Peer 1: 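Below are the C-alpha coordinates for one structure; questions will follow.
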2 protein chains.
Amino acid sequence: MKKTTKVPKQELAGSLADFLCFAVYSTNLAFGRAYKRLFDELGITYPQYATLIALNEAGEQTVGALGDKLFLESSTLTPLLKRLEAAGYVTRRRDPADERQVRVSLTSEGKAIFEQAFCGRESVIEATGLDPETFVRLQRDLITLRDNLLAASDK
Amino acid sequence: MKKTTKVPKQELAGSLADFLCFAVYSTNLAFGRAYKRLFDELGITYPQYATLIALNEAGEQTVGALGDKLFLESSTLTPLLKRLEAAGYVTRRRDPADERQVRVSLTSEGKAIFEQAFCGRESVIEATGLDPETFVRLQRDLITLRDNLLAASDK
DNA sequence: TGCGATTAGTTTGTTCGCGATCTATCTCCG
DNA sequence: CGGAGATAGATCGCGAACAAACTAATCGCA
(Lines give C-alpha, C1' and ligand atoms only; values in the text may rest on other atoms or scores of the structure.)
Protein backbone atom coordinates (compact mmCIF):
# COMPACT_ATOMS: atom_id res chain seq x y z
CA MET A 1 0.00 0.00 0.00
CA LYS A 2 1.34 3.36 -1.07
CA LYS A 3 1.72 6.23 1.34
CA THR A 4 2.47 9.00 -1.11
CA THR A 5 -0.27 11.20 0.26
CA LYS A 6 1.60 11.51 3.53
CA VAL A 7 4.97 12.44 2.08
CA PRO A 8 4.31 16.15 1.49
CA LYS A 9 3.29 16.57 5.11
CA GLN A 10 6.52 14.93 6.21
CA GLU A 11 8.55 17.30 4.07
CA LEU A 12 6.82 20.23 5.66
CA ALA A 13 7.43 19.07 9.20
CA GLY A 14 11.12 19.94 9.45
CA SER A 15 13.65 18.35 11.76
CA LEU A 16 15.97 19.99 14.26
CA ALA A 17 18.84 19.47 11.84
CA ASP A 18 17.13 21.79 9.36
CA PHE A 19 17.08 24.80 11.63
CA LEU A 20 19.90 27.30 11.45
CA CYS A 21 18.77 28.73 14.76
CA PHE A 22 19.15 25.33 16.39
CA ALA A 23 22.63 24.96 14.94
CA VAL A 24 23.57 28.27 16.56
CA TYR A 25 21.82 27.41 19.81
CA SER A 26 23.39 23.98 20.19
CA THR A 27 26.84 25.22 19.16
CA ASN A 28 26.60 27.83 21.86
CA LEU A 29 25.85 25.12 24.41
CA ALA A 30 28.81 23.12 23.09
CA PHE A 31 31.16 26.09 23.46
CA GLY A 32 29.99 26.50 27.01
CA ARG A 33 30.95 22.92 27.77
CA ALA A 34 34.27 23.21 25.96
CA TYR A 35 35.19 26.23 28.07
CA LYS A 36 33.75 24.89 31.29
CA ARG A 37 36.88 23.25 32.68
CA LEU A 38 38.98 26.38 32.17
CA PHE A 39 36.38 28.71 33.62
CA ASP A 40 35.67 26.49 36.60
CA GLU A 41 39.36 26.57 37.47
CA LEU A 42 39.39 30.35 37.28
CA GLY A 43 36.08 30.72 39.08
CA ILE A 44 34.40 32.73 36.34
CA THR A 45 31.69 32.12 33.74
CA TYR A 46 31.56 32.64 30.01
CA PRO A 47 29.59 35.92 30.11
CA GLN A 48 31.95 37.19 32.81
CA TYR A 49 34.90 36.35 30.59
CA ALA A 50 33.34 38.23 27.68
CA THR A 51 32.90 41.20 30.00
CA LEU A 52 36.55 41.06 30.99
CA ILE A 53 37.53 40.98 27.30
CA ALA A 54 35.45 44.06 26.60
CA LEU A 55 36.89 45.89 29.58
CA ASN A 56 40.44 44.94 28.67
CA GLU A 57 39.85 46.03 25.11
CA ALA A 58 38.31 49.41 25.68
CA GLY A 59 39.24 50.31 29.26
CA GLU A 60 36.91 52.02 31.72
CA GLN A 61 33.42 52.42 30.38
CA THR A 62 29.80 52.72 31.41
CA VAL A 63 27.38 49.85 31.95
CA GLY A 64 25.52 50.96 28.86
CA ALA A 65 28.61 50.94 26.63
CA LEU A 66 29.45 47.49 27.90
CA GLY A 67 25.94 46.34 27.11
CA ASP A 68 26.24 47.63 23.56
CA LYS A 69 29.39 45.62 23.00
CA LEU A 70 28.12 42.48 24.68
CA PHE A 71 24.54 42.71 23.34
CA LEU A 72 23.20 42.53 26.88
CA GLU A 73 20.65 44.56 28.82
CA SER A 74 21.63 46.44 31.93
CA SER A 75 19.33 44.15 33.90
CA THR A 76 21.66 41.31 32.96
CA LEU A 77 24.86 43.26 33.44
CA THR A 78 24.18 44.84 36.81
CA PRO A 79 24.16 41.59 38.80
CA LEU A 80 27.00 40.14 36.70
CA LEU A 81 29.15 43.19 37.38
CA LYS A 82 28.34 43.03 41.07
CA ARG A 83 29.61 39.46 41.14
CA LEU A 84 32.79 40.49 39.32
CA GLU A 85 33.17 43.33 41.79
CA ALA A 86 32.67 40.99 44.75
CA ALA A 87 35.38 38.76 43.27
CA GLY A 88 37.69 41.78 43.09
CA TYR A 89 37.99 41.81 39.30
CA VAL A 90 36.28 45.11 38.52
CA THR A 91 35.42 48.37 40.20
CA ARG A 92 32.14 50.24 39.80
CA ARG A 93 31.73 53.92 40.58
CA ARG A 94 29.24 56.59 39.75
CA ASP A 95 30.56 59.14 37.30
CA PRO A 96 30.94 62.39 39.26
CA ALA A 97 30.11 64.38 36.12
CA ASP A 98 26.86 62.45 35.58
CA GLU A 99 25.64 60.56 38.58
CA ARG A 100 23.28 58.47 36.49
CA GLN A 101 26.18 56.63 34.91
CA VAL A 102 28.23 53.87 36.49
CA ARG A 103 31.78 53.53 35.20
CA VAL A 104 33.30 50.06 35.27
CA SER A 105 36.99 49.20 35.04
CA LEU A 106 39.31 46.23 35.46
CA THR A 107 41.39 45.86 38.59
CA SER A 108 44.88 44.40 38.31
CA GLU A 109 43.43 41.10 39.59
CA GLY A 110 40.82 41.28 36.85
CA LYS A 111 43.48 41.87 34.24
CA ALA A 112 45.42 38.89 35.58
CA ILE A 113 42.39 36.60 35.38
CA PHE A 114 41.63 37.83 31.88
CA GLU A 115 45.15 36.99 30.79
CA GLN A 116 45.00 33.53 32.32
CA ALA A 117 41.72 32.81 30.55
CA PHE A 118 43.04 34.29 27.33
CA CYS A 119 46.02 31.93 27.35
CA GLY A 120 43.88 28.94 28.28
CA ARG A 121 41.71 29.41 25.24
CA GLU A 122 44.33 27.76 23.01
CA SER A 123 43.04 24.30 23.86
CA VAL A 124 39.50 25.35 23.00
CA ILE A 125 40.59 26.73 19.64
CA GLU A 126 42.17 23.37 19.01
CA ALA A 127 38.98 21.62 20.07
CA THR A 128 37.05 23.41 17.32
CA GLY A 129 38.87 21.15 14.88
CA LEU A 130 38.38 23.71 12.11
CA ASP A 131 40.96 24.59 9.52
CA PRO A 132 41.88 28.29 9.57
CA GLU A 133 39.91 29.00 6.43
CA THR A 134 36.66 27.57 7.78
CA PHE A 135 37.27 29.19 11.16
CA VAL A 136 37.55 32.65 9.67
CA ARG A 137 34.69 32.19 7.23
CA LEU A 138 32.39 30.91 9.95
CA GLN A 139 33.17 33.87 12.14
CA ARG A 140 32.51 36.30 9.31
CA ASP A 141 29.24 34.62 8.30
CA LEU A 142 28.02 34.57 11.90
CA ILE A 143 28.69 38.24 12.41
CA THR A 144 26.81 39.04 9.20
CA LEU A 145 23.92 36.89 10.37
CA ARG A 146 23.87 38.44 13.83
CA ASP A 147 23.89 41.97 12.51
CA ASN A 148 21.17 41.19 9.98
CA LEU A 149 18.97 39.65 12.66
CA LEU A 150 19.43 42.58 15.02
CA ALA A 151 18.76 45.10 12.26
CA ALA A 152 15.54 43.26 11.37
CA SER A 153 14.29 42.97 14.95
CA ASP A 154 14.93 46.64 15.69
CA LYS A 155 12.26 47.61 13.21
CA MET B 1 55.13 59.99 15.17
CA LYS B 2 55.11 56.25 14.68
CA LYS B 3 53.39 53.90 17.09
CA THR B 4 54.80 50.62 15.85
CA THR B 5 56.03 49.60 19.28
CA LYS B 6 52.48 49.41 20.56
CA VAL B 7 51.09 47.28 17.78
CA PRO B 8 52.29 43.87 19.02
CA LYS B 9 50.62 44.37 22.39
CA GLN B 10 47.39 45.29 20.66
CA GLU B 11 47.55 42.13 18.57
CA LEU B 12 47.97 39.99 21.67
CA ALA B 13 45.16 41.59 23.57
CA GLY B 14 42.29 40.28 21.46
CA SER B 15 38.99 42.02 20.96
CA LEU B 16 35.51 40.58 21.19
CA ALA B 17 35.34 40.61 17.41
CA ASP B 18 38.20 38.10 17.27
CA PHE B 19 36.45 35.38 19.23
CA LEU B 20 34.52 32.72 17.38
CA CYS B 21 32.80 31.78 20.63
CA PHE B 22 31.55 35.33 21.01
CA ALA B 23 30.24 35.31 17.45
CA VAL B 24 28.24 32.19 18.29
CA TYR B 25 27.12 33.55 21.66
CA SER B 26 25.95 36.90 20.33
CA THR B 27 24.28 35.36 17.27
CA ASN B 28 22.33 33.11 19.61
CA LEU B 29 21.15 36.17 21.52
CA ALA B 30 20.21 37.82 18.23
CA PHE B 31 18.15 34.80 17.15
CA GLY B 32 16.36 34.92 20.46
CA ARG B 33 15.34 38.50 19.81
CA ALA B 34 14.37 37.81 16.21
CA TYR B 35 12.03 35.04 17.35
CA LYS B 36 10.77 36.88 20.38
CA ARG B 37 7.72 38.52 18.85
CA LEU B 38 6.45 35.25 17.38
CA PHE B 39 7.04 33.28 20.54
CA ASP B 40 5.49 35.90 22.78
CA GLU B 41 2.33 35.74 20.70
CA LEU B 42 2.23 31.97 21.03
CA GLY B 43 3.18 32.01 24.69
CA ILE B 44 6.20 29.75 24.32
CA THR B 45 9.99 30.16 24.47
CA TYR B 46 12.76 29.17 22.13
CA PRO B 47 13.84 26.03 24.04
CA GLN B 48 10.19 25.00 24.29
CA TYR B 49 9.84 25.41 20.55
CA ALA B 50 12.92 23.25 19.95
CA THR B 51 11.33 20.63 22.19
CA LEU B 52 8.12 20.71 20.19
CA ILE B 53 10.14 20.27 16.97
CA ALA B 54 11.91 17.22 18.40
CA LEU B 55 8.63 15.74 19.57
CA ASN B 56 6.91 16.37 16.27
CA GLU B 57 9.83 14.91 14.41
CA ALA B 58 10.27 11.68 16.34
CA GLY B 59 6.99 11.18 18.17
CA GLU B 60 6.67 9.94 21.73
CA GLN B 61 10.03 9.51 23.42
CA THR B 62 11.74 9.51 26.79
CA VAL B 63 13.16 12.55 28.56
CA GLY B 64 16.63 11.15 27.97
CA ALA B 65 16.15 10.74 24.22
CA LEU B 66 14.84 14.27 24.04
CA GLY B 67 17.89 15.48 25.95
CA ASP B 68 20.21 13.73 23.49
CA LYS B 69 18.57 15.51 20.56
CA LEU B 70 18.40 18.90 22.24
CA PHE B 71 21.80 18.68 24.00
CA LEU B 72 20.14 19.35 27.35
CA GLU B 73 20.32 17.69 30.76
CA SER B 74 17.31 16.24 32.50
CA SER B 75 17.66 18.96 35.12
CA THR B 76 16.86 21.46 32.38
CA LEU B 77 14.24 19.40 30.60
CA THR B 78 12.15 18.28 33.56
CA PRO B 79 10.92 21.74 34.54
CA LEU B 80 10.58 22.79 30.89
CA LEU B 81 8.42 19.74 30.14
CA LYS B 82 6.31 20.42 33.22
CA ARG B 83 5.61 23.89 31.90
CA LEU B 84 4.69 22.51 28.48
CA GLU B 85 2.45 19.99 30.23
CA ALA B 86 0.80 22.70 32.32
CA ALA B 87 0.14 24.60 29.08
CA GLY B 88 -1.49 21.50 27.63
CA TYR B 89 1.05 20.96 24.84
CA VAL B 90 2.60 17.67 25.96
CA THR B 91 1.76 14.68 28.10
CA ARG B 92 4.19 12.94 30.45
CA ARG B 93 3.67 9.43 31.73
CA ARG B 94 5.83 6.78 33.31
CA ASP B 95 6.55 3.89 31.00
CA PRO B 96 4.67 0.89 32.46
CA ALA B 97 7.40 -1.43 31.19
CA ASP B 98 10.14 0.58 32.94
CA GLU B 99 8.91 2.91 35.62
CA ARG B 100 12.18 4.81 35.65
CA GLN B 101 11.44 6.28 32.26
CA VAL B 102 9.05 9.11 31.49
CA ARG B 103 7.58 9.11 28.01
CA VAL B 104 6.69 12.49 26.51
CA SER B 105 4.39 13.13 23.59
CA LEU B 106 2.69 16.03 21.82
CA THR B 107 -0.98 16.69 22.38
CA SER B 108 -3.08 17.94 19.49
CA GLU B 109 -2.83 21.44 21.01
CA GLY B 110 0.93 21.03 21.07
CA LYS B 111 0.96 19.99 17.45
CA ALA B 112 -1.15 23.01 16.58
CA ILE B 113 1.20 25.40 18.36
CA PHE B 114 4.19 23.78 16.70
CA GLU B 115 2.61 24.29 13.30
CA GLN B 116 1.82 27.92 14.01
CA ALA B 117 5.39 28.56 15.12
CA PHE B 118 6.72 26.61 12.17
CA CYS B 119 4.82 28.79 9.72
CA GLY B 120 5.80 31.99 11.50
CA ARG B 121 9.47 31.21 11.08
CA GLU B 122 9.37 32.43 7.47
CA SER B 123 9.84 36.01 8.56
CA VAL B 124 12.84 35.04 10.68
CA ILE B 125 14.44 33.20 7.79
CA GLU B 126 14.00 36.34 5.78
CA ALA B 127 15.53 38.38 8.60
CA THR B 128 18.74 36.37 8.38
CA GLY B 129 19.39 38.18 5.12
CA LEU B 130 21.60 35.33 3.93
CA ASP B 131 21.67 33.98 0.42
CA PRO B 132 20.79 30.27 0.26
CA GLU B 133 24.38 29.26 -0.33
CA THR B 134 25.71 31.04 2.76
CA PHE B 135 22.74 29.83 4.80
CA VAL B 136 23.43 26.20 4.04
CA ARG B 137 27.19 26.50 4.42
CA LEU B 138 26.87 28.24 7.76
CA GLN B 139 24.56 25.56 9.04
CA ARG B 140 26.93 22.82 7.93
CA ASP B 141 30.00 24.53 9.41
CA LEU B 142 28.23 25.11 12.72
CA ILE B 143 27.20 21.49 13.04
CA THR B 144 30.77 20.40 12.34
CA LEU B 145 32.03 22.83 14.96
CA ARG B 146 29.45 21.75 17.53
CA ASP B 147 30.20 18.08 17.07
CA ASN B 148 33.95 18.69 17.25
CA LEU B 149 33.58 20.69 20.47
CA LEU B 150 31.39 18.05 22.08
CA ALA B 151 33.72 15.25 21.06
CA ALA B 152 36.67 17.14 22.55
CA SER B 153 34.94 17.95 25.85
CA ASP B 154 33.77 14.38 26.33
CA LYS B 155 37.34 13.23 26.73
C1' DT C 1 14.18 79.12 37.08
C1' DG C 2 11.34 75.10 37.16
C1' DC C 3 8.99 71.15 35.86
C1' DG C 4 7.92 67.52 32.36
C1' DA C 5 10.37 64.26 29.57
C1' DT C 6 14.33 61.57 28.92
C1' DT C 7 18.19 58.75 30.31
C1' DA C 8 21.06 55.35 33.21
C1' DG C 9 20.96 51.80 36.22
C1' DT C 10 18.72 48.81 39.62
C1' DT C 11 15.17 45.63 41.19
C1' DT C 12 11.91 41.96 40.58
C1' DG C 13 9.94 37.92 38.65
C1' DT C 14 10.14 34.23 35.05
C1' DT C 15 12.60 30.86 32.26
C1' DC C 16 16.82 28.62 30.92
C1' DG C 17 21.12 25.68 31.83
C1' DC C 18 24.02 23.08 34.60
C1' DG C 19 26.31 20.37 38.46
C1' DA C 20 25.44 17.94 42.55
C1' DT C 21 22.53 15.28 44.93
C1' DC C 22 18.50 12.46 45.71
C1' DT C 23 14.86 8.81 44.84
C1' DA C 24 12.87 5.10 42.55
C1' DT C 25 13.45 1.43 39.60
C1' DC C 26 15.79 -2.04 37.21
C1' DT C 27 19.80 -5.37 36.22
C1' DC C 28 22.99 -8.53 37.13
C1' DC C 29 25.20 -11.95 39.33
C1' DG C 30 26.10 -14.84 43.36
C1' DC D 1 15.88 -14.98 45.53
C1' DG D 2 18.30 -10.83 46.95
C1' DG D 3 21.37 -7.23 47.46
C1' DA D 4 25.06 -4.21 45.00
C1' DG D 5 25.49 -1.35 41.37
C1' DA D 6 23.65 1.01 37.44
C1' DT D 7 20.14 3.91 35.25
C1' DA D 8 16.32 7.54 34.60
C1' DG D 9 14.36 11.44 36.27
C1' DA D 10 13.52 14.91 39.76
C1' DT D 11 15.11 18.45 43.00
C1' DC D 12 18.01 22.19 44.55
C1' DG D 13 21.02 26.07 44.20
C1' DC D 14 23.36 29.35 41.36
C1' DG D 15 24.34 32.24 37.39
C1' DA D 16 22.58 34.01 33.14
C1' DA D 17 18.96 36.63 30.16
C1' DC D 18 15.07 39.45 29.62
C1' DA D 19 10.84 42.53 30.30
C1' DA D 20 8.55 45.49 33.26
C1' DA D 21 8.50 48.48 36.81
C1' DC D 22 11.09 51.57 39.66
C1' DT D 23 14.56 55.32 41.32
C1' DA D 24 17.58 58.93 40.66
C1' DA D 25 19.76 62.28 37.84
C1' DT D 26 19.90 65.20 33.85
C1' DC D 27 18.02 67.75 29.94
C1' DG D 28 15.00 70.75 27.47
C1' DC D 29 12.46 74.37 26.90
C1' DA D 30 9.06 77.60 28.13
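Because the structure is predicted, anything quoted here is derived from the model rather than measured.
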Peer 1: Which is more 5' along DNA chain D, the nucleotide nearest A/F71 or the one nearest A/P96? Just name the residue.
Peer 2: A/F71
Peer 1: Nearest-nucleotide wise, let me know which of B/Y46 and B/R100 is further upstream toward the 5' end of DNA chain C.
Peer 2: B/Y46
Peer 1: Give the rounded distance in Å between these two atoms: CD of A/E99 and P of C/dG9.
Peer 2: 12 Å
Peer 1: OP1 or OP2 of D/dA16 less than 4.0 angstrom from a side-chain nitrogen or oxygen of A/T45, does that happen here?
Peer 2: yes
Peer 1: When you get a sec, tell me which of D/dA10, D/dT26, C/dC18 is the closest nucleotide to the side chain of A/D98?
Peer 2: D/dT26
Peer 1: Would you indicate which nucleotide in D/dA10, C/dG9, D/dA24 comes nearest to any side-chain atom of A/V63?
Peer 2: C/dG9
Peer 1: Once you round it to whole Å, what is the distance between C1' of C/dA8 and CG of A/L66?
Peer 2: 14 Å
Peer 1: Over how many whole Å does the gap from B/R37 atom CZ to D/dA19 atom C1' extend?
Peer 2: 15 Å
Peer 1: Does the side chain of B/T78 get closer than 4.0 angstrom to OP1 or OP2 of D/dA10 through an N or O atom?
Peer 2: yes
Peer 1: Using atom types as modelled and distance alone, determine if a side-chain donor or acceptor of B/Q61 lies under 3.5 Å from a backbone N or O of B/A54.
Peer 2: yes
Peer 1: Reckon A/S74 touches a base, only the sugar-phosphate, or nothing at all at heavy-atom distances under 4.0 Å?
Peer 2: base
Peer 1: If you only use heavy atoms from C-beta on, which nucleotide in D/dC18, D/dT11, C/dG9 is closest to the side chain of A/E73?
Peer 2: D/dC18
Peer 1: Between atom CG in A/N28 and atom P in D/dG15, what is the gap in whole Å?
Peer 2: 19 Å
Peer 1: Would you mind reading off the distance between B/L72 atom CG and D/dA8 atom P, rounded to a whole angstrom?
Peer 2: 17 Å
Peer 1: Does C/dT11 have its OP1 or OP2 closer than 4.0 Å to a side-chain nitrogen or oxygen of A/K82?
Peer 2: yes
Peer 1: Can you measure from CG (B/N56) to CG (B/L52) and round to the nearest 0.5 angstrom?
Peer 2: 8.5 Å
Peer 1: For atom CD of A/E99, is the number of surrounding heavy atoms from other residues, nucleotides or ligands below 6.0 Å larger than 12?
Peer 2: yes
Peer 1: So does B/S75 reach the base of C/dG19 with its side chain, donor to acceptor, closer than 3.5 Å?
Peer 2: yes
Peer 1: Show, in sequence, the C-alpha distance, side-chain angles and deciding distance for B/R146 and A/S26, and conclude whether the side chain to side chain donor-acceptor pair (under 3.5 Å) test is met.
Peer 2: CA-CA 7 Å; B/R146 177 191 72 199; A/S26 54; 2.8 Å; yes
Peer 1: Specify the residue among A/L80 and B/T62 whose closest nucleotide of DNA chain D lies further upstream toward the 5′ end.
Peer 2: B/T62
Peer 1: Whole angstroms only, please: what is the CD-C1' distance between B/Q101 and D/dG9?
Peer 2: 10 Å
Peer 1: Please work out if A/L77 contacts a base, only the sugar-phosphate, or nothing of the nucleic acid, heavy-atom cut-off 4.0 Å.
Peer 2: nothing
Peer 1: Got a sec: does the CD of B/E60 have more than 12 other heavy atoms crowding it under 6.0 Å?
Peer 2: yes
Peer 1: Select base, sugar-phosphate, or nothing to describe what A/R103 touches, counting heavy atoms under 4.0 Å on all strands.
Peer 2: nothing
Peer 1: Atom CZ of A/R94 to atom P of C/dT7: distance rounded to whole Å?
Peer 2: 17 Å
Peer 1: Counting only side-chain heavy atoms from C-beta out, which of C/dC26, C/dT15, C/dT10 sits nearest to A/R92?
Peer 2: C/dT10
Peer 1: Applying a 4.0 Å non-hydrogen cut-off, can you work out what B/Y25 is touching in the nucleic acid: base, sugar-phosphate, or nothing?
Peer 2: sugar-phosphate
Peer 1: Answer yes if the side chains of A/S75 and A/E73 hold a donor-acceptor pair under 3.5 Å, and no otherwise.
Peer 2: no
Peer 1: Rounded to whole Å, how long is the line connecting atom CZ of B/R83 with atom P of D/dT11?
Peer 2: 12 Å
